[in-house]
Every structure is written in C-alpha cells, then in structure tokens.
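Shown next, in structure tokens, is the structure this report addresses.
Side chains included, hydrogens not; waters and symmetry mates left out as well; all remaining heavy atoms used. Each chain gets a letter, A, B and so on, in the order the sequences are listed, and its residues count up from 1.
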Amino acid sequence: MIKYKKNLLKNKFFLIFTVFFIILAYLNFQNNESSQEVTPALIKYICGDISDNFKNNIDQEMNPEDGFQLRNLYDIEGNVVSVSSTYECNIYTDGGWVYYDTGERIKLPTDIKTSSFDLNLFQISLLLWLILFPLIFYTLRMII
Amino acid sequence: VVDLISINFLYTKDDYLNKLNNYTFGILFIGILYVLIFNLFHYDQVQGYDGEAHQAYINNFFNMYGPNKSSEPSINFTYEFFSPPLGYLFPATLNAVCQKFLSDTQSCTVFYGFNNIIFQSILFIFTLFIYIKIIELIQGKKNNFNIHVLLLLGIFTVNYRTVAMIRGETLILFFNSLLMYKFIKLLQNSFEYKKKDLFIVGILIGSLALSRQWAFLLFPGYIFLLFYIKNLEIRKKYFKFFFTSSIIGFITSSWFYINLFFEYGSFTAFNMKKIGFKLSNQPLSFYVPQGPEVGMVFTKPIRPFFENQFFPVLYSDLWGDYWGYFTFTSRALDIGKNQLLIGDYLARVNILSLIPTLLLIIGVIHTIKEIKAKESITNYFLTYVLLSSAISLIGYLWFLISHPEPTGDTIKATYIIQLFHLLGLTSVIYLENLKERSKNLYKIYIVLLIIVFANNFSALMSHFPLNNLLYEVEYNVSWES
C-alpha cells in the first residue's frame with residue numbers, strides 16, 4: 001500500500017512536470033509563431049502608412065510616389081530592394097522584407113516597463129534550492 | 001514466570017537499545033549537518049587546493065566547452081585544463097546565469113561558490129544515505145538509522161575539506177555509491193536487468209569518468225571480478241551487462257579525453273612532467289617512514305614535518321589537516337584561527353584516530369576471511385570493494401612515483417578519498433556482523449567511535465572567520481513587461 005502510494009506520488013510528480021514542460025514548450029512555440037507574423041501595424045511602422053489599394057487587395061502598377069522618400073528594405077538573407085511608393089513598400093514588407101541590413105528582424109517599438117528588485121545571497125540561494133533540491137531528490141529516487 | 005520476565009526484560013532492553021541507536025543517529029546526523037553549514041559560512045572555495053585555477057576553470061567553462069567554444073587551447077584559461085568538466089558544470093552554469101541576469105563578476109563568484117558548497121554538501125549527505133541503503137541490501141534488513149555509516153564514513157576529516165573546496169571527488173563518491181548500489185541490486189537479481197538499468201549504469205560510468213581521473217581506478221575492479229565469479233551463467237550475464245553499459249559510459253565521456261589527446265598529445269595530459277615509473281624516483285623515506293620526524297605524526301602532524309613520507313602524510317591528511325587548508329594556507333595566513341594550537345590538537349586527533357584506523361584494518365581482514373570462506377552474492381560485492389581499494393591505492397602510488405614532488409605536495413587524502421570510503425564500507429559490515437556475534441565488544445567499539453567523533457569534531461570544521469563577502473553582495477532581478 002505504502003509502495004503503491006509512493007509510486008503514485010512519483011507518477012504524479014512526473015505528470016505535473018511533463019504537463020509543465022509541454023505548456024512551456026507550447027508557449028514558446030506560440031511566441032515564435034507570433035513573432036514571425038507580419039502585422040499591419042508592422043507594415044505601417046516600416047512604410048509610414050498603408051495605401052488604400054493594398055488594404056483592399058487591388059493590383060496597381062508600381063510607380064514612384066510623389067513625396068515618398070526612397071527607402072531600402074532587406075530580407076532575411078540580406079538581399080536589398082529599394083522601394084519608391086507606399087504601395088510598393090507595403091507589398092514587399094508583407095512578403096517578408098522586414099529585416100535590418102544586419103539580419104535582425106525589425107520589431108515594433110513597445111511600451112517597455114522594467115520591474116526590478118534586489119535580493120541578497122541567501123534569498124536568491126533559497127529560491128534556487130527550492131527548485132533544485134526536489135529535482136535532485138526525485139532524480140535520485142528514480143535510480144534507487 | 002522467570003522466562004516471562006526475562007523475555008519481557010529482553011524486549012524492553014532491545015527496544016531501549018533501538019531507541020538509543022536512533023537518538024545517537026539523530027545527534028550524529030545533526031553534528032554532520034552542523035559542520036557542513038558551519039563550513040558553508042566560514043570557507044571561501046578559493047582557499048582550497050589550486051583555488052584560483054579551479055575558479056578560472058569555472059569562469060571560462062563555456063569558452064572551453066560551450067557552443068561558442070574558443071579556438072584557444074584550454075591551458076590558456078586554466079592550468080587545471082586536464083580536469084574533466086563535470087565537477088565544474090554546476091558552478092559554471094550558475095555563474096553564466098548570474099552574469100547574464102543578476103550581477104557582476106565578483107558577486108557571481110560569491111554566488112556560485114556559496115551554492116557549490118551547498119550542492120556538494122547535499123551530494124555528500126545523499127552519498128551517506130546511499131551507503132545506508134547498500135548496507136540494508138547486504139544485511140537483508142531495513143535499518144534507516146545506521147550509526148555505523150555515520151561513525152565510520154562520516155568521520156573522515158578529508159570529507160569536509162573536499163566538500164568545501166571546488167572538487168570533482170565529491171561527485172566520484174556520489175556516483176560511485178550509486179553505481180555500487182545498482183551493482184549489488186543487479187547481483188541480487190542474478191543480473192536480470194532492464195534496458196533502463198543498462199542506461200543508468202552506463203551514464204554513471206560516464207559521469208565518474210567525467211568527474212576526475214581518479215575514478216578510473218574504480219573500473220578495473222569490475223573487470224577482475226569477472227575471474228572471481230565461478231557461476232558461469234552469472235558470469236556471462238555480468239560480462240554482457242558491463243560490456244554494454246561501458247560502451248554507453250565510453251560514449252558519454254570519451255569526447256573529453258579525445259579532446260585532450262588532440263590538444264596535448266595524451267589522453268592523460270597533466271600539468272606536471274611525467275618522468276616515467278621508477279621506484280628510485282622517490283627516496284626511501286617516501287616508502288618507509290623514517291627519521292626523527294616520524295614520531296611527529298602524533299605530536300605535530302602538520303607541514304613541513306615528515307615531508308614527502310607517504311603513509312604519515314596520508315594518515316595526517318585523512319584524519320587531520322596536514323596541509324593546513326582549513327587553518328593556515330599561505331593564501332590566508334593572516335586570518336586562519338588557532339594556528340599556534342592546531343598542531344597539538346591535530347596530534348590528539350591523530351592519536352585517537354588510531355581506533356577507527358584499526359577498525360578499517362580489521363574490516364579488511366574480516367572481509368578477506370568472509371570471501372575465502374564462501375562464494376556468495378554479497379561476497380562478490382565485497383570482492384569488488386577490496387579489489388577497488390587495492391587498485392586505488394596502487395594506482396595512486398603509481399601516480400606519485402611517476403610524478404615525484406620533493407615536498408610531497410601531491411600526497412593529499414582528497415585525491416584518493418574513494419579508497420577510505422571503500423575501506424569504511426568493509427568496517428561497517430564488520431560492525432554489523434559483530435553486533436550479532438559479540439554485543440559487548442560491539443558496544444565498546446561504538447562508545448570509542450563516539451568519543452573519537454567528539455574529539456575530532458573541531459578538525460572537521462574550517463578555522464577561518466565568518467566569510468563577510470556573503471553578506472555584502474546583492475543581486476538585482478529585473479524583467480521587462
């Protein structure tokens with residue numbers, strides 16, 4: 001009976017851990033997915049505006065636009081293209097030309113809030129061992 | 001009526017003795033915990049053997065092994081380059097996380113040093129508990145409060161120095177205890193194993209090889225044991241099992257030694273020049289203690305007395321603190337306490353430690369007799385313990401003779417700590433048997449061992465003042481949202 005309870009506890013522990021890691025992996029995957037998306041907000045940020053034709057999915061010729069300042073767009077491999085109209089810029093960014101020349105992806109500026117607090121050695125070590133000790137203990141229980 | 005009274009009396013007496021045993025276990029265990037916690041606050045890992053080189057190893061760990069490995073040879077980072085990486089993995093990971101998210105280099109050194117001592121202390125306590133489990137398997141009965149393990153294996157002064165320093169030897173003790181546990185379990189199952197067992201033993205072998213090179217002295221025992229097992233069926237299964245798990249162990253650990261070979265031209269690269277094995281490399285006094293200073297083992301067992309005399313130095317470093325790393329190392333000569341008195345105290349420690357030393361010797365003799373008397377599963381295990389003890393001692397002597405140091409600087413009990421633990425196991429088994437055979441003699445031994453434990457208690461502790469750095473550092477945890 002005791003052995004059964006112990007096994008049950010052991011199984012529960014690993015079930016909880018497995019679920020925890022699956023959730024973590026899922027969240028990570030979700031983040032990666034969303035960070036790869038080209039949103040209208042990102043297109044607007046790169047091109048300055050979104051043209052009506054692009055919004056309504058209407059084809060138009062790519063002629064230079066008066067007042068539009070010529071700008072370079074880069075893809076992930078570092079290829080460069082110069083766009084001369086809002087519509088042309090919208091088309092390219094939507095197609096994935098959303099990188100800097102360094103290869104880094106352009107991100108929307110967000111309203112960043114930084115939270116912080118100071119911990120002494122004992123507090124931070126306590127936090128560490130609250131996580132590590134059960135891990136070491138249960139790994140050992142698996143062997144013995 | 002008399003019988004009934006005596007039965008009642010015996011029952012009460014046994015019950016009383018059990019309770020006494022449990023209380024003694026509790027007190028001893030609290031004593032060991034106290035020493036470990038005391039050393040945690042009173043010892044800086046940099047004061048250990050080659051402390052700076054080990055810290056350099058940790059600080060450059062990911063330059064040597066990380067995905068962005070540096071093209072420079074590891075010897076440029078630390079002269080401990082030849083040491084396998086497992087003992088440094090935990091502090092190096094803490095250091096990397098700390099430097100990235102929490103604080104500056106100096107504070108991170110304190111952070112990983114402090115937590116590495118906790119880590120090694122936890123491993124040491126687990127090691128003692130695994131020994132208790134091993135004895136339970138051998139004796140075939142449950143005894144969670146085995147005072148023999150604490151009195152014989154927890155009493156070595158060298159344990160506490162090893163745990164307080166940055167040393168892979170703590171890992172050797174831990175992994176070896178686990179390996180021996182698995183080994184005896186498999187023996188008792190006539191080597192009926194699952195794939196999981198193969199994998200676990202393989203990983204344990206690999207982990208031992210990646211802890212310190214001294215662990216290699218524990219492997220030949222398993223090979224030689226093959227010739228001792230007469231039962232063909234078990235021998236076959238035993239060979240198959242260890243051969244397969246050794247391959248897993250080889251795959252796990254060989255990369256480090258192959259790397260050493262490619263970088264330095266030898267699988268056994270070292271930071272001292274090897275001059276080849278010749279007995280004449282060492283003076284006669286190395287092998288046979290001699291001269292007027294030999295007596296100082298029991299009057300002033302600290303350096304530089306009886307310099308480079310193998311057994312006196314090893315004995316003094318096992319029970320006392322011959323090299324002074326808990327009291328008066330050259331790095332901390334100004335702060336080590338009790339420096340004037342420590343020599344006299346350690347002399348008393350060495351005198352009283354003759355009792356557990358005698359028990360270690362009796363344990364070996366008793367084990368040899370047991371093995372000769374009959375072939376059994378337990379005796380297979382004991383044969384392994386004896387073989388590994390002998391090989392560890394011979395291997396260590398071979399190392400000392402091949403790399404002679406006039407000051408005997410490489411004679412340190414820490415390097416060969418596994419030997420004392422193996423010998424200790426034989427003594428524990430001896431005491432377990434004595435408990436059944438001769439209760440009075442057994443009680444005398446236990447009382448004497450408790451006295452030795454009490455007398456040696458101060459030797460187990462660091463004699464350095466409170467490490468103020470621990471209270472001065474701060475870590476900033478911040479995140480963006």
(message) Given heavy-atom pairs under 4.5 angstrom as the criterion, report whether the side chain, backbone, both or neither of F114(B) touches chain A.
(response) side chain
(message) Test side chain to side chain contact (heavy atoms under 4.5 Å, CB included) on L128(A) and L94(B); report intermediate values, then the result.
(response) CA-CA 10 Å; L128(A) 177 76; L94(B) 290 189; 3.9 Å; yes
(message) Heavy-atom cut-off 4.5 Å, strictly under: side chain, backbone, both or neither for K185(B) against chain A?
(response) neither
(message) Please classify the contact between L119(A) and chain B as side chain, backbone, both or neither, with a heavy-atom cut-off of under 4.5 Å.
(response) both
(request) Inspect the surroundings of OH in Y100(A) and state if more than 12 heavy atoms from other residues, nucleotides or ligands are less than 6.0 Å away. (result) yes
(request) Enumerate by number any residue of residues 126-145 of chain B whose heavy atoms lie under 4.5 Å from heavy atoms of chain A; in the absence of such residues, state 'none'. (result) F126(B), I130(B)
(message) Using heavy-atom distances under 4.5 Å, tell me whether L470(B) contacts chain A through its side chain, its backbone, both, or neither.
(response) both
(request) Could you look at L121(A) and say if it's the side chain, the backbone, both or neither that has a heavy atom under 4.5 Å from chain B? (result) both
(message) Are more than 12 heavy atoms, taken from residues, nucleotides or ligands other than F199(B), located less than 6.0 Å from that residue's CZ atom?
(response) no
(request) Take atom OH of Y471(B) as the centre, draw a 6.0 Å sphere, and report whether it contains more than 12 heavy atoms from other residues, nucleotides or ligands. (result) yes
(message) Is it the case that atom OH in Y181(B) sees more than 12 heavy atoms from other parts of the structure closer than 6.0 Å?
(response) yes
(request) For M142(A) and K196(B), work out which heavy atoms get closest and say how close. (result) O-NZ, 3.6 Å
(message) Just verifying a value: how many Å separate I136(A) CD1 and L123(B) CG, rounded to the nearest 0.5 Å?
(response) 6.5 Å
(request) Could you grab the distance from atom OH of Y475(B) to atom CG of N120(A), nearest 0.5 Å is fine? (result) 9.0 Å
(request) Determine the interplanar angle of the F119(B) and W129(A) rings, folded into 0 to 90°, and report it as parallel if under 30°, tilted if 30 to 60°, perpendicular if over 60°. (result) parallel
(message) Are the side chains of L140(A) and L178(B) in contact, using a 4.5 Å heavy-atom criterion?
(response) yes
(request) Sort F41(B) into side chain, backbone, both or neither according to what part of it lies under 4.5 angstrom from a heavy atom of chain A. (result) side chain
(request) Against chain A, label Y112(B) side chain, backbone, both or neither, depending on which of its atoms sit under 4.5 Å from a heavy atom there. (result) neither
